[in-house]
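Heads up, the thing below is written out as structure tokens.
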Amino acid sequence: MAGECVPEGPNLKEMGEEELWELINDNRHRISLGVRPCILIPYLRQVKVLTEVDEDEILSCHNLTNRCMRTSYMLDLLRTQGRNGAIALLEGLMIHYPTLYTQVTGRKPSTEPSRFSGLIKYSELTEYLIRAVTGMQTELQEARNEAGKMGARCSFLESEVRQLMAQEEKSRHLQTENERLQRHLSSLQRDVTKLKDEKCDLYIRYTAAIEEKSAINGRLHDLNLQVYQLQTELQSIQMENEFHKQRSLRSVFPSQTPQLQEAHKDILQQDLAEAIDSQVELAEHLKNYREENEKLLRDKQGLVDQTEALSLQVQQLSLDCKMQQQKSTVVQSQMKELQVERDQAYQSRDDAQVMIARILAEKDTLRSQLVELQEAVFIFQAKRSPRTQLQRSDVENISWESPTSSSEESPLPVRRRLRRMDALNPMSLSSCYSESEDAVPTSVRSKGVEPPSPESLRRRQEVLYADSSLETAETDSLLDDFVCLSDGIEEEQRPRPSFSHGSNSVSLSRTSAPPFLVRTRPKAIRIIGRVLSISLQCEALLSQLTVVGGNKSGVFVHQVTEGSAAHTVGISPGAQIVEVRYEQNSRALKMVLEDSTLEEATWALSQVTGFCHLSLRPRPNDYEALLQQLQNSKTSSGDSFYIRVNISLPADTSGALAVSCNDILHVTNTRPDDTEDLWHASQVHPCQLLDLQSGTVPNYYRAQRLLIQTIEDMSFQTKKGQKVGRVDAQSEQKAVRIVSTGRQGRNPLWVSVEEENTKSTESGPPSPSKSCVTLMPYTLVTPHFPPVCRPILLLPTILGRMLDKKLDSWQGFQLCEPDVLTSSEHAAHIQRSEILEEVEPGGNQCYTLQSVDKVMKKGLHCVLPLGLDCVRRLHRFEIFPIIIFIGLSARNARKLRSKLQRNGQTEEQLLACSKSEEPLLDKLPCLFHSVDPDSWCDQTSLLTSLRTHIWEEQRKIVWMEPDLW
């Protein structure tokens with residue numbers, strides 16, 4: 001219909017070569033986008049404007065990475081054919097792309113013979129058109145059938161996706177319920193804690209009451225003693241008074257004068273009055289003591305009643321605590337059940353995802369098979385043409401009818417089969433090319449848009465000869481690894497290849513019985529670099545062989561027990577153990593030992609019992625080199641990796657190495673003297689990769705238990721310090737560093753255990769002793785050596801903003817300036833993750849990676865007025881800033897009061913910023929330097945110490961942790 005809307009253009013037969021190619025070049029972009037070379041090449045080959053070499057180069061060249069480049073290169077090759085190339089291209093467009101033909105030439109497409117140029121005979125043109133139409137109809141029918149199958153498959157997958165979404169919704173509901181139960185459990189635990197505190201208070205009050213009662217009883221006893229003494233004194237005084245009275249009466253003589261009697265009488269009366277007064281006073285004291293005694297008795301009775309009430313409350317609280325414990329036990333059991341159901345839901349989701357991935361892979365395989373079948377159909381139809389058979393009679397091919405080689409009859413080498421680059425799965429191309437095209441130089445291929453020169457064609461022929469000789473050498477080397485054994489079963493319907501060792505040719509026979517290729521064990525052991533799979537039945541694999549090596553050199557078989565199952569199947573020293581597969585508890589497990597440590601490899605092999613599969617890679621040269629190093633004491637094992645310590649460990653008399661949190665260690669042996677819980681490690685020089693003091697440290701799992709114990713002790717000490725009113729946080733500040741991981745991926749610290757049916761990597765070995773929690777006592781690190789001046793990041797942020805301008809005035813330092821970006825530039829930078837931070841949210845001024853790189857190229861330290869969020873963005877582009885955290889105290893903050901007020905900030909804000917940013921530093925994947933608050937007193941001393949710290953940090957090695965999630 002497009003041709004009917006366009007007026008009739010000029011006659012192509014009357015146009016010259018330059019006019020035709022000018023017409024094509026004007027529409028070159030449209031042709032490159034809309035034409036597939038694999039569809040036009042058969043017709044261009046039919047009219048003899050392209051050769052087989054041109055077709056191979058267009059479809060298989062590595063430098064032509066997409067369809068547009070291949071189409072453009074095809075146009076360049078057709079340009080060398082002059083007017084015939086242009087006419088053939090336009091006729092191919094008229095047959096296969098009528099709409100594009102109309103857009104290019106302005107003429108209506110037609111298949112009448114008069115419209116063709118005569119480059120091809122009428123009979124051949126008719127035959128080609130019939131084949132093209134038939135092929136298109138067949139392809140259309142197959143495409144419709146495949147579309148129907150894919151539609152049914154998509155419907156089935158959509159139903160499964162809906163089921164998975166329902167299961168996910170259910171799991172989300174269960175997770176919500178789990179969170180609600182956890183909150184309820186937390187509230188119950190808080191109530192229990194509150195009840196325990198109340199119970200403790202009651203016990204304290206009860207103890208105080210008992211002590212007060214004891215004091216009152218003692219006081220009452222003392223008062224009773226005083227009353228008894230007073231009564232005794234009163235009786236003695238009364239008796240003495242009576243005695244003196246009687247004695248005075250008896251001692252009166254008649255000779256005394258009346259005056260003496262009167263005086264004596266007055267004295268006695270005075271004594272009697274004093275005695276009566278003292279008796280009244282003692283009576284009053286006794287009355288008071290009796291009242292006080294009655295009061296104490298009443299208080300004692302009240303305390304007894306209060307004690308009984310407290311005892312009842314204690315009993316009630318004990319019952320409540322038991323009930324709360326029972327409730328918490330029930331809630332925990334329900335939570336475990338919910339976790340099991342959640343894990344089952346996750347497992348079903350993973351199974352469905354694996355099924356979808358397998359279906360997609362099958363779909364890609366079917367598509368690749370369809371493309372190969374289409375190519376085979378085109379080749380078969382091309383062979384039926386007499387002219388094509390006549391042309392191909394001069395080329396050497398493999399004879400399928402006779403067992404003899406035809407290499408002497410033709411000097412040309414065997415052409416290798418064409419490959420479609422992007423028609424197959426891109427992941428399968430790497431293996432395909434690595435098997436057959438590794439040694440082919442690509443420098444002789446055409447890389448530009450210019451047509452190939454005669455010199456290029458000559459070099460192309462030389463490469464084809466080199467490819468052929470390489471294939472022959474590879475075939476001969478492959479034949480040496482096999483021996484031919486008679487199978488005894490004839491299969492006439494399925495031809496198999498037979499290899500002749502007397503010549504370099506390969507022949508296939510349809511009638512003779514095919515041989516059975518079996519790889520001999522001695523030959524297989526001598527094949528370096530190939531992985532061999534050996535199956536055996538053994539009770540304990542580790543008891544039949546011993547291993548040496550580690551993650552750096554690989555784990556090798558060292559000794560094999562003679563007469564054992566491992567010795568019977570042919571396992572010999574010098575083979576590297578790459579992988580182990582076995583069954584445990586009705587589960588098929590796979591453990592990859594290619595880069596595991598000696599400790600983890602020994603543990604993994606000790607788990608293998610029963611029937612297992614071993615993947616071995618013979619490496620005798622590396623094994624002999626490792627043994628030589630072990631004998632010469634150049635190394636203690638094949639282990640070598642660097643770790644960052646996340647826990648402080650003290651030294652002892654047994655040779656243990658004293659390490660602190662954030663220290664870097666070089667682990668050189670994970671099983672020193674066959675111990676199971678120690679590693680041999682050395683401290684690393686901060687500026688060079690040199691080992692310093694060495695010793696033993698706990699292995700990963702023992703250090704993990706020590707880390708958990710340290711965290712529990714710190715939590716207990718914190719609670720105890722809060723009760724007494726003081727917390728010594730300074731001494732426990734850097735005892736541990738909390739690091740967690742999902743434990744995914746390959747890591748020398750543990751061995752990878754996978755279930756073969758689900759292909760899911762567990763977070764650790766299956767045994768209880770090797771079970772992993774998320775806390776990591778050690779993390780792997782890799783060294784980096786920045787060649788230029790590193791950027792500077794000062795923290796806390798408020799203090800860093802104040803010091804950035806001071807650092808900018810120094811020689812060798814420059815402050816990073818923000819860039820003004822347009823909306824399109826802003827979107828492009830965000831897409832490439834090149835924006836470090838925005839000056840104002842939503843504004844057009846941003847600190848970008850280019851502004852930092854510009855300052856670093858000048859050989860200057862770039863001062864970053866940014867926060868901690870920019871560190872990971874810089875790490876993605878291999879830029880490692882120097883991070884310096886300045887410690888603060890109340891005294892230091894007061895020294896900066898005037899400068900803070902100029903910026904509109906206070907001391908409390910500065911201390912709060914420092915307190916909030918300090919815990920975030922431990923989450924960074926790199927080390928940082930911390931300035932002690934007691935090492936500086938004012939801004940001048942701080943700047944002086946900062947210059948020294950920056951110079952020291954620039955010389956140090958940068959240690960980076962991998963992404964643990």
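Side-chain atoms are counted along with the backbone in the values below, which use heavy atoms only and exclude waters and symmetry mates.
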Open item on the list: Please report the interatomic distance CD1(I882) to CD1(I950), rounded to the nearest 0.5 Å.
Closed with: 6.5 Å

Task: Atom pair NE2/SG of H784 and C926 - distance to nearest 0.5 Å - done: 10.5 Å

- [ ] Taking the side chain as every heavy atom from C-beta outward, state whether I957 and F785 have any atom pair closer than 4.5 Å.
- [x] yes

Task: From OG (S553) to CG (D595), nearest 0.5 Å - done: 11.5 Å

TODO: Would you indicate whether the side-chain heavy atoms of T696 and L657 approach each other to under 4.5 Å?
DONE: no

Task: Distance-minimising heavy-atom pair for Q324 and L188 - done: OE1-CD2, 3.5 Å

Task: Non-neighbouring partners of H875 that pass ring-ring contact (aromatic ring centres under 6.0 Å, His included), sequence neighbours left out - done: F880

- [ ] Begin from the C-alpha positions of N662 and R644 and carry the test side-chain hydrogen bond (donor to acceptor under 3.5 Å, both in side chains) through to its verdict.
- [x] CA-CA 6 Å; N662 292 326; R644 178 180 178 182; 2.9 Å; yes

- [ ] Kindly indicate whether a cation-pi arrangement holds for R955 with W951, taking the cut-offs as under 6.0 Å to the six-membered ring centre and within 45° of the axis.
- [x] yes

Task: Qualifying residues under salt bridge (Lys or Arg N to Asp or Glu O under 4.0 Å), relative to R790, sequence neighbours excluded - done: none

Open item on the list: Restricting to side-chain contact (heavy atoms from CB on, under 4.5 Å), what partner residues turn up for K858, sequence neighbours left out?
Closed with: Q814, L860

TODO: Compare all side-chain heavy atoms of V871 with those of L866 and state whether any distance is below 4.5 angstrom.
DONE: no

Open item on the list: Check D853 with K857, please: is the shortest side-chain N to carboxylate O separation under 4.0 Å?
Closed with: yes

TODO: Would you sort out whether L900 and I798 count as a side chain to side chain contact (heavy atoms under 4.5 Å, CB included), showing the intermediate values?
DONE: CA-CA 9 Å; L900 289 172; I798 296 177; 4.1 Å; yes

- [ ] Just jot down the ring-ring contact (aromatic ring centres under 6.0 Å, His included) partners of H929, sequence neighbours excluded, or say none.
- [x] H949

Open item on the list: Please tell me whether S682 and Q693 have a donor and an acceptor in their side chains that are separated by less than 3.5 angstrom.
Closed with: no

Task: Shortest non-hydrogen contact between V863 and L815, atoms and distance - done: O-CD1, 3.6 Å

Task: Minimum heavy-atom distance L888-S914, with the two atoms named - done: CD1-CB, 3.9 Å

- [ ] State, to 0.1 Å, how close L706 and P698 come at their nearest heavy-atom pair, and which atoms those are.
- [x] CD1-CG, 3.9 Å

Task: D673 atom CG, neighbour heavy-atom count above 12 within 6.0 Å - done: no

Open item on the list: So for atom NZ, which belongs to K956, do other residues, nucleotides or ligands contribute more than 12 heavy atoms lying within a distance under 6.0 Å?
Closed with: yes

Open item on the list: Does any part of the side chain of V331, heavy atoms only, come nearer than 4.5 Å to the side chain of L185, both counted from C-beta?
Closed with: yes

Task: Within-4.5 Å side-chain heavy-atom neighbours: L692 and V684 - done: no

Task: Pairs satisfying ring-ring contact (aromatic ring centres under 6.0 Å, His included), at least one member in residues 792-823, at least two apart - done: W810-F813, F813-H861

Open item on the list: Any heavy-atom pair between the side chains of R891 and C937 that's under 4.5 Å?
Closed with: yes

Task: Counterpart residues, side-chain contact (heavy atoms from CB on, under 4.5 Å), relative to T670 (two or more places apart) - done: T597, L598, E599, D639, F641, V667, W679

Task: Full working for side-chain hydrogen bond (donor to acceptor under 3.5 Å, both in side chains) between Q831 and H826 - done: CA-CA 9 Å; Q831 186 176 4; H826 188 272; over 6 Å; no

Open item on the list: A side-chain contact here means heavy atoms from C-beta on lying under 4.5 Å apart; do M714 and V736 qualify?
Closed with: yes

TODO: Answer yes or no: is there an ion pair linking R737 with E961, defined by an N-O contact shorter than 4.0 Å?
DONE: yes

- [ ] Go through the structure and list residues passing side-chain contact (heavy atoms from CB on, under 4.5 Å) with N903, not counting sequence neighbours.
- [x] M802, Q905

- [ ] Drop me the distance from I830's CD1 to T848's OG1, to the nearest 0.5 angstrom.
- [x] 12.0 Å

Open item on the list: If the condition is side-chain contact (heavy atoms from CB on, under 4.5 Å), which residues does S916 pass it with, not counting sequence neighbours?
Closed with: none

Task: Q189/S328 under side-chain hydrogen bond (donor to acceptor under 3.5 Å, both in side chains): CA gap, chis, key distance, verdict - done: CA-CA 8 Å; Q189 289 178 350; S328 64; over 6 Å; no

TODO: Verify whether one side chain among E834 and Q850 offers a donor that lies under 3.5 Å from an acceptor in the other.
DONE: yes

Open item on the list: Please find the pair of heavy atoms, one from S851 and one from D819, that lie closest to each other, and give the distance.
Closed with: CB-OD2, 3.8 Å

Open item on the list: I need the C862 SG to L807 CG distance, nearest 0.5 Å.
Closed with: 11.5 Å

Task: salt bridge (charged side-chain N to carboxylate O under 4.0 Å, His left out) pairs, two or more places apart, involving residues 892-906 - done: R897-E907

- [ ] Any salt bridge (charged side-chain N to carboxylate O under 4.0 Å, His left out) involving residues 677-695? Give me the pairs, sequence neighbours left out, ordered by first then second residue.
- [x] D677-R702

Task: Listed partners of Y642 passing ring-ring contact (aromatic ring centres under 6.0 Å, His included), at least two apart - done: H666, W959

- [ ] Would you check, one step at a time, whether the test side chain to side chain contact (heavy atoms under 4.5 Å, CB included) holds for Y847 with E817?
- [x] CA-CA 7 Å; Y847 293 97; E817 297 294 337; 5.9 Å; no

Open item on the list: Restricting to non-hydrogen atoms, name the atom on P919 and the atom on K915 that form the minimum distance, rounded to 0.1 Å.
Closed with: CD-O, 3.1 Å

TODO: Can you establish whether the number of heavy atoms outside R832 located under 6.0 Å from its atom CZ is more than 12?
DONE: yes

- [ ] Any pair with a residue in residues 178-187 that passes salt bridge (charged side-chain N to carboxylate O under 4.0 Å, His left out), sequence neighbours left out, goes on the list, sorted by first then second residue, please.
- [x] E177-R180

Task: NE2 (H685) with more than 12 external heavy atoms under 6.0 Å - done: yes

- [ ] Keeping the roles fixed (side chain from R342, backbone from Q175), state whether a donor-acceptor pair exists under 3.5 Å.
- [x] no

Open item on the list: Rounded to the nearest 0.5 Å, what separates atom CD1 in I643 from atom OH in Y778?
Closed with: 5.5 Å

- [ ] Run the numbers on I711 and L775 for side chain to side chain contact (heavy atoms under 4.5 Å, CB included), then give the verdict.
- [x] CA-CA 11 Å; I711 294 175; L775 295 177; 3.8 Å; yes

TODO: Determine whether E168 and S171 make a side-chain contact, defined as any pair of heavy atoms from C-beta on separated by less than 4.5 Å.
DONE: yes

Open item on the list: Quick one about S941 and D938 (side-chain donor to acceptor, distance below 3.5 Å, no hydrogens or angles considered), yes or no?
Closed with: yes

